[in-house]
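All values below were derived from every heavy atom in this structure, side-chain atoms included, with hydrogens, water molecules and symmetry-related copies excluded. Proteins get letters first, then strands, A, B, ... in listed order; numbering begins at 1 in each.
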Amino acid sequence: MAPALLLRSFDDGGVALEPGRRFTLATFLAFVRDHELSHRGQDAARWVWDDTASFYPKLLAADVRVQRCHDLRLCHAILRNSALTGASLLASTDRGFWDAAPEQQPTARHRGTALFDLEAEQAPESDSEPEFRRQLAAVNSSAEPRRIRLLLAAESAGALIAAEMRFAGLPWNTAAHEQLLTRELGARVPSGVRPERLEQLAATIRVLLDDRTLNPDSQQDLLKALQNAGLPITSTQQWHLKEVEHPVIAPLLQYRKLSRLLSANGWSWLDAWIVDGRFHAEYLPGGVVTGRWAARGGGALQLPKQVRAAVIADPGWTFVVADAAQLEPRILAALSGDLAMAQAGHETDLYAGIVASGVVETRAHAKVAMLGAMYGATTGESGRLLPRLARAYPRALGLTEAAARTGERGDVVTTRLGRSSPRPPDAWLAAQAQAYAASASHVDERRARSQARDWGRFTRNFVVQGSAAEWALCWMAEIRTQLWKLEGSASVAGRGPGLFAAAPHLVFFLHDEVIVHTPLALAEQVAALVARAATAAGKLLFGDFPVDFPLTVATVENYADAK
DNA sequence: TGTCGCAGCGCG
DNA sequence: AAAGCGCGCTGCGACA
């Protein structure tokens, strides 16, 4: 049965311009294709639909791309929480269909909706058109409509990009990966069996710990065996192990490393995730509270450096790998309007700039101190360096401190474009209330204070991490737009059928880093547009504030060769 | 047999 | 040198 779709046009205020037209999926696809081809670069529609992740893949499979969309599900989540739209009807309405996590939503909605699904009677809660109006009303009544509007556009663009990257896939050379596995682990063995190299290391460990039955995969066994051997150890974490001297440490760490390689990115991972030389990772835009993306399946955002050598461009193609240098401190400088910190990063490595300003002695110190400021370190080297940073950059450090205090009170903080932190959970509020009760014990007070500080560290980091995520979305959206233009202006040598087979396209995103897979001939232009996009993203978020967003850009055929 | 919390470790 | 944010995945081991 072909899904029945209703498409209506609206003006910017959400007023319907016409009664609407009915489509089958096939006729809708043809309509969208025609529209996008005839409106390249200007006056293109912003397609409003329930859920990009469930609908856009149908378009991509039919070789149809769209320039812009409005993802009702993702935008609802932002508007529901944002302090900038807290007074809206949307925010005060009971939680419902649009608040459900995607996997919990009824399957009926996955039938596909364009603007509005005529099968709505099968999913009565899915009221796309009224929801769209509620969202527009929330934006228009906001204290900062420009920021919220940009955030919704960026989030929606991210959803398009996530679907496109999954569709295109990251080039993955299975042979190179297998070669790497065989070199490190030995020949392939059935799952459940230790490969040769791991078995050798296990035997060595057993001898050195004088325990013939030891299973090195069991933390409990291992900890006991290490203690029996006289090692003063309470945990088997890497850094903890590295602190003690014993002949077993080296082979044990090697065992851990290889065991991890086998279980996380071994042969079964290859079998499960690599299809026709591509890793089709499923990205989840908005999957992290701060607005960062998450990923599901295959560990797309945790690809170990160890296996990146298997990410190899197609013949005649190459990768442009770009990452934003010291993104979060630069975001902090701009957020807080700290000219001195922004200046420290002007045309140079920001940490080097901090050293050059005489604030600390080494780059490593500058980095650990900055991380401490953004994460809320109190002890160790980072804690010791913080006062010097605070004297040099009072505005930046003032912002992180204020964000921490806000969280400690149980209040909400908000990113540059308007994503707000969640309220603390009920158990947290109860613990704070308990600490003020007449019956409160010292234990109650200590626990409440500790939890308050925990939440303060979360909100402290939220504003920076969340605003950096917004910058990254704007960066990537601009890259996508410019790649599309480049494709239109350049004659590109094709390599088989498919939407992205002939043109440069995004294939990977990792918080502050992107990879574009491009024909060799266009690599230089791609590298240039990626850098321009970083500057454009900075302007979108921070206007004329003088902060740089420099990139490290590498054009490489193998991801392992980047930086 | 399946579920779940935890430890450990990969990424930013 | 190793504590301070955000994630996902795996294997172990406890429990039903």
Discussion item. Once you apply a heavy-atom cut-off of 4.0 Å, does A300(A) come out as touching a base, just sugar-phosphate, or nothing?
Written reply: nothing
Worksheet item: Salt bridge between D51(A) and R73(A), side-chain N to carboxylate O under 4.0 Å?
Response: yes
Discussion item. For dG8(C), does the base pair up with any side-chain atom of R296(A) as donor and acceptor (N or O, under 3.5 Å, distance only)?
Written reply: no
Worksheet item: Parallel, tilted or perpendicular: which describes the rings of Y559(A) and F508(A), with under 30° parallel and over 60° perpendicular?
Response: perpendicular
Item to complete: Give the intermediate values and the outcome of side chain to side chain contact (heavy atoms under 4.5 Å, CB included) for residues I233(A) and L223(A).
Response: CA-CA 8 Å; I233(A) 253 180; L223(A) 187 57; 3.4 Å; yes
Worksheet item: Near DNA chain C, under 4.0 Å by heavy atom, which residues of residues 165-184 of chain A?
Response: none
Practice prompt. Salt-bridge test for D271(A) and R188(A): reply yes if a basic N is under 4.0 Å from a carboxylate O, no otherwise.
Written response: yes
Worksheet item: For V289(A), which contact category applies under a 4.0 Å heavy-atom criterion: base, sugar-phosphate, or nothing?
Response: sugar-phosphate
Worksheet, complete the sentence: Whole-Å distance, D512(A) CG to dG12(B) C1', equals 6 Å
Fill in: Gap between atoms CE and C1', on M370(A) and dG12(B) respectively (whole Å)
15 Å
Item to complete: Would you kindly give the CD-to-C1' distance between Q219(A) and dA14(C), to the nearest whole Å?
Response: 13 Å
Discussion item. Classify Q220(A) by what it touches in the nucleic acid, base, sugar-phosphate, or nothing, heavy-atom distance under 4.0 Å.
Written reply: sugar-phosphate
Discussion item. Under 4.0 Å, counting only non-hydrogen atoms across every strand here, what does L327(A) touch: a base, just sugar-phosphate, or nothing?
Written reply: nothing
Practice prompt. State which of dG12(B), dG10(B), dG6(C) makes the closest approach to the side chain of R308(A).
Written response: dG12(B)
Practice prompt. Would you indicate, yes or no, if dA7(B) has its OP1 or OP2 atom less than 4.0 angstrom from a side-chain nitrogen or oxygen of S235(A)?
Written response: no
Response to the item:
Testing dA2(C), dC5(C), dC7(C) for proximity to the side chain of Q465(A), the answer is dC5(C)
Discussion item. If the threshold is 4.0 Å, N to carboxylate O, is there a salt bridge linking D276(A) and R278(A)?
Written reply: no
Discussion item. What's Q306(A) touching, base or sugar-phosphate or nothing? Going by heavy atoms closer than 4.0 Å.
Written reply: nothing
Fill in: side chain to side chain donor-acceptor pair (under 3.5 Å) pairs, two or more places apart, involving residues 387-403 of chain A
E361(A)-R388(A), E401(A)-R405(A), E401(A)-R460(A)
Practice prompt. Using Watson-Crick or G-U wobble pairs with both distances under 3.5 Å, give me DNA chain C in dot-bracket, 5' to 3', with [ ] for crossers and | for pairs to another strand.
Written response: ....||||||||||||
Practice prompt. Just say parallel, tilted or perpendicular for the rings of W172(A) and H177(A), cut-offs at 30° and 60°.
Written response: tilted
Worksheet entry | Of all pairs that satisfy salt bridge (charged side-chain N to carboxylate O under 4.0 Å, His left out), the ones with a partner from residues 362-372 of chain A, not counting sequence neighbours | D349(A)-R363(A)
Discussion item. Salt bridge or not between R449(A) and E408(A)? Use side-chain N to carboxylate O under 4.0 Å.
Written reply: no
Discussion item. Once you apply a heavy-atom cut-off of 4.0 Å, does G287(A) come out as touching a base, just sugar-phosphate, or nothing?
Written reply: nothing
Fill in: Spacing between D221(A) atom CG and dA7(B) atom C1', to the nearest angstrom
14 Å
Worksheet item: Is the H517(A) ring parallel, tilted or perpendicular to the F319(A) ring (thresholds 30°, 60°)?
Response: tilted
Worksheet item: Given dG8(B), is OP1 or OP2 found less than 4.0 Å from the side-chain N or O atoms of Q237(A)?
Response: yes
Practice prompt. Please list residues of residues 255-270 of chain A whose heavy atoms come under 4.0 Å from any atom in DNA chain B, ordered by number; otherwise none.
Written response: R256(A), R260(A)
Worksheet item: For E513(A) and dG6(C), what is the distance between atoms CD and P respectively, to the nearest whole Å?
Response: 22 Å
Practice prompt. Would you mind reading off the distance between L301(A) atom CG and dG10(B) atom C1', rounded to a whole angstrom?
Written response: 11 Å
Practice prompt. Please figure out whether G372(A) or A294(A) has its closest DNA chain C nucleotide nearer the 5' end.
Written response: G372(A)
Discussion item. If you compare every side-chain N and O of Q302(A) against the phosphate oxygens of dG8(C) (OP1, OP2), does one of them come in below 4.0 Å?
Written reply: no
Worksheet item: In terms of the nearest nucleotide of DNA chain C, which residue is placed more toward the 5' end: E243(A) or G298(A)?
Response: E243(A)
Fill in: Intermediate values then yes/no, side chain to side chain contact (heavy atoms under 4.5 Å, CB included), Y283(A) and I161(A)
CA-CA 9 Å; Y283(A) 297 97; I161(A) 293 166; over 6 Å; no
Fill in: NZ/NE/NH1/NH2 to OD/OE distance under 4.0 Å, R292(A) and E155(A)
no
Discussion item. It should be established whether T236(A) places a side-chain nitrogen or oxygen under 4.0 Å from OP1 or OP2 of nucleotide dA7(B).
Written reply: no
Worksheet entry | Phosphate OP1/OP2 of dG12(B): any K305(A) side-chain N/O under 4.0 Å | yes
Response to the item:
Residues in residues 377-394 of chain A with a heavy atom under 4.0 Å of DNA chain C, by number, are A377(A), T378(A), T379(A)
Practice prompt. State plainly whether the residues R296(A) and E282(A) are in salt-bridge range, i.e. N to O under 4.0 Å.
Written response: yes
Worksheet item: Taking all non-hydrogen atoms of both residues, which atom of L386(A) and which atom of A377(A) are closest, and how far apart?
Response: CD1-O, 3.4 Å
Worksheet item: Hey, is the side chain of R457(A) poking within less than 4.0 Å of OP1 or OP2 on dC5(C), counting only N and O atoms?
Response: yes
Worksheet item: Roughly, in whole Å, what's the span from CD in E328(A) to C1' in dC7(C)?
Response: 13 Å
Worksheet item: Just how far is it from atom CD1 of I274(A) to atom CD of E178(A), taken to the nearest 0.5 Å?
Response: 10.5 Å
Fill in: Integer-rounded Å distance: dG11(C) P and L223(A) CG
21 Å
Item to complete: Walk me through it: do W428(A) and D454(A) pass the test side chain to side chain contact (heavy atoms under 4.5 Å, CB included)?
Response: CA-CA 10 Å; W428(A) 187 95; D454(A) 289 348; 5.9 Å; no
